Amino acid sequence: MTVLVLFLCISPASAKQDNVTLQLKWFHQFQFAGYYAALEKGFYTEEGLDVTIIERDLSFNPVDLVLEEKADFGVSNSAILLDYLQGKDVVLLASVFQHSPLVFLSKTPPLLHSPHDFKGKTVLMSTATQDIELISMLRKERIALSSLALIDRFATPEDYFDPEIDVIAAYLTNQPYYLEEKEVPYSIIYPSTYGIDFYGDTLFTSRKQVINNPERVRKFLRASLKGWAYALSHTEELIDIIINKFGSLKSKEHLRFEAAAIQKLVQPDLVKIGHINPKRWENICDYFHEDVNTLKKRDLSSFYFDPTEGSVVMKKETAIYISSLFTITIIILCFTVYIARKLKNEIHQKMLFEKKLTKSEKYYRSLFENTGTATVILGEDFTIKRCNNNFIELSGYSKTEIENKMKWTEFVSLEDLARMREYALSRKAGNMSVPTSYDFKFMRRSGEIRNIHVFVGLIDDSTDRVASLVDMTEKVKTQDLLIQTEKMLSVGGLAAGMAHEINNPLAGILQGAQNILRRISPANKANIEIAHKQGCSCDQIYNYMEERGIVRMLEGIQNSGERAAVIVKNMLDFTRRNEAGMTSCNLNELIEGILDIISCDYDLKKKYDFRHTEIIKDFKNDLALVACYRIEIEQVLLNLIKNAAYAMYETSKVRAPRLILRTQQDAKYVTVEVEDNGPGITNEVRRRIFEPFFTTKSPGFGTGLGLSVSFFIITQNHKGVFEVDSEVGKGSKFIFKLPRTQVQND
């Protein structure tokens, strides 16, 4: 009687469980709800299985983990057949998703509705087997991957809203939710529309597992399908389980969206869950053979799991004997199991807790390293406790040099340091009005200053703060360039009007001064005759006017008028185009011609001499042609080179003048750089350097129109880019870029 009571008290959970591992193909979400249901509702336990579900580590392939016996079962897609055809010993257990969720999403206007519109567009997809049905669709439609601007990788959340990416490979269960949440219009291109109707998620194992443990395979398959039936009819319960017990980062609304999409893919009302249609798999096999010529023909009969494989038919007497032996063994071990149960539960709970901690740490590290910005964690005394790779790249220091050794204040320029400390003190005093984001100057290891916008937030239950830095240097340069361009557009119209208005009275002044000088000249016969007629000589009149300074005054009027005429001519260059029209030019040859012109140039006023200037030519070979007004570009080059010579004269007593002329090119532009080793330009001067009539030269040595005219020629007449880069004491570099006439291979 005692034995009977003990036997009846034994629950299925107290029997020794068979440890089994399931490897998922992605992170925890509703996509694997059936397996969570089988685990949490005890379906695996009823079958005598102790199942551990492992989410995807992107460093490893689930198929390889199963074949290497690091996992017993795995989740894949139709690519599992490709693995089988390539000779891998995999066995299909169930086709859970009757249709694949993989699609293309077009989300950048104008929206695309056919794969034939992809040519020339930026398409993000993985060419690995993960996206194999999409690749098969493109090949079936004869759309070469080389015709796309392909980004070969998996999509990240930032990619969904990147305007530079036209099309992304996506799951119907996932990415559309993000776009709908942000009200971003999109269109879906389904592979099934073009005859590619593959299976979605599949459950598989290895041939070795089927041969050695057929009963375990049958039990696991039976419990998993039972779990899927439960999950699809209890979605809200499973959503809570996924969030609370498996730590999914998706919101409830997102998981509901995913569950609704998966219901349509599994189709439990139309076919039995996990149904395998050999004919459909044969069609998929045919596509794979068309796509991969190296595949060998292989019989698919070994690809499907046979539930009767490995089963043993026992005689009734044998079954009774084994059952009795099992019962006696259980009774003997009953007390041991009973005592161990509590310990096992405690160990299990501890393992779950450790898994959650490990997962939380993994997500935290992933977020920290992949935010897309330079991010640091700061202690209360501004010590940098942690920094990601983006901050290391921005600062120029190594991780070991920064973490717990350097302070945030070491990267802040002196002009911003007092303001930052004031913010920190106010925040510490509880002032909630202190800005959580602001701009400041960031000092790199090289001494370079970068314009940074920082977002600072307090970490909960801690005095530590997290700071995310966005480099705004290029944006600031672009804004300065836009402001300068707007100035030049307004000045261009003003210059034309002023020049025409000044030209008429200026011509009268020059003509009058010239006529007066001619009519007092002793060399003119008419002047001599009229002077005699008045009773004096022409020489006497001229000598009197020269001694009184009148001749000098007249010559001064004439010289000033001629100089004013030059200024007017330069002003007209703002709007006047070269009548010769645009021609295709090689800028290397253009620079060589200018060097021939200036090689003998010598300025008596400043005494700069190109014969004593070191000229370095760093020219790009096979430079692409540019369409330009040749004379205008020559004028720009002359202005830049002569300005460099003038600047280098000021430091010629300190260091020998050196002029570097450099050409480069990329996919859009041909670039010319004129670099000198003169005194450099201050930030104040650099902001005004392209303004008309602004000059740092002494009176009489410059009109202040050379650079402004050059800027107008490059940016307006040629639709190019004009920039300046300078550091006081080290020299200046003027850079202009002209569009290439056509895209050429460098």
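We use all heavy atoms of the structure for the numbers below, so side chains are in, but hydrogens, waters and symmetry mates are not. Bear in mind that the values here come from a model prediction, so they are computed numbers and not experimental data.
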Looking at [X] and [Y], would you say the former's side chain and the latter's main chain have a donor-acceptor pair under 3.5 Å?
| X | Y | value |
| --- | --- | --- |
| Thr108 | Ile165 | yes |
| Ser106 | Ser187 | no |
| Arg56 | Trp26 | no |
| Ser233 | Tyr230 | yes |
| Asp201 | Val266 | no |
| Gln175 | Tyr171 | yes |
| Lys88 | Ile80 | no |
| Gln98 | His275 | yes |
| Lys250 | Arg256 | no |

Worksheet item: In Å and rounded to the nearest 0.5 Å, what is the CG to CG distance from Asp18 to Leu49?
Response: 6.0 Å
Worksheet entry | Approximate separation, where rounding is to 0.5 Å, of Glu47 CD and Arg218 CZ | 11.0 Å
Got a salt bridge between [X] and [Y], using NZ or NE/NH1/NH2 to carboxylate O under 4.0 Å?
| X | Y | result |
| --- | --- | --- |
| Lys70 | Asp64 | no |
| Asp240 | Lys245 | no |
| Asp72 | Arg216 | yes |
| Lys41 | Glu237 | yes |
| Asp89 | Arg207 | no |

Discussion item. Within the supplied structure, the quantity of interest is the number of heavy atoms (other residues, nucleotides, ligands) at a distance under 6.0 Å from Glu180 CD; does it exceed 12?
Written reply: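 Enclosed.
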Worksheet item: Taking atom NZ of Lys399 as the centre, does the number of heavy atoms from other residues, nucleotides or ligands within less than 6.0 Å exceed 12?
Response: yes
Less than 4.5 Å apart, any side-chain heavy atom of [X] and any of [Y]?
| X | Y | value |
| --- | --- | --- |
| Thr375 | Val466 | yes |
| Tyr84 | Arg298 | yes |
| Phe246 | Leu39 | yes |

Discussion item. Ring pair (Phe, Tyr, Trp, His ring centres under 6.0 Å) for Phe288 and Phe198? Distances and angles first, verdict last.
Written reply: CA-CA 11 Å; Phe288 287 165; Phe198 286 8; 5.7 Å; yes
Worksheet item: Tyr186 and Tyr178: aromatic ring centres closer than 6.0 Å?
Response: no
Worksheet item: Hey, would you say the Phe118 and Phe104 ring centroids sit under 6.0 Å apart?
Response: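 They qualify: ring centres under 6.0 Å apart.
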Using the six-membered ring wherever Trp is involved, compare the ring planes of [X] and [Y] and label them parallel, tilted or perpendicular (cut-offs 30° and 60°).
| X | Y | result |
| --- | --- | --- |
| Tyr199 | Trp281 | parallel |
| Tyr36 | Phe32 | perpendicular |
| Tyr194 | His116 | perpendicular |

Worksheet item: Which pairs, with at least one residue in residues 50-77 and sequence neighbours excluded, count as a ring pair (Phe, Tyr, Trp, His ring centres under 6.0 Å)?
Response: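 Matches after skipping sequence neighbours: Phe73-Phe220.
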Item to complete: Could you pull out all residues at least two apart from Gln263 that satisfy side chain to side chain donor-acceptor pair (under 3.5 Å)?
Response: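 Residues passing side chain to side chain donor-acceptor pair (under 3.5 Å) with Gln263: none at all.
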Item to complete: Could you please spell out the steps behind the side chain to side chain contact (heavy atoms under 4.5 Å, CB included) verdict for Asn390 and Thr373?
Response: CA-CA 6 Å; Asn390 289 332; Thr373 62; 5.5 Å; no
Worksheet item: Taking Asn174 as the fixed residue, which of Glu258, Gln29, Gln31, His254 is the one that meets the side chain to side chain donor-acceptor pair (under 3.5 Å) rule?
Response: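 Exactly one candidate clears the test, His254.
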Worksheet item: Among side-chain atoms of Glu158 and Thr156, is any donor-acceptor pair under 3.5 angstrom?
Response: yes
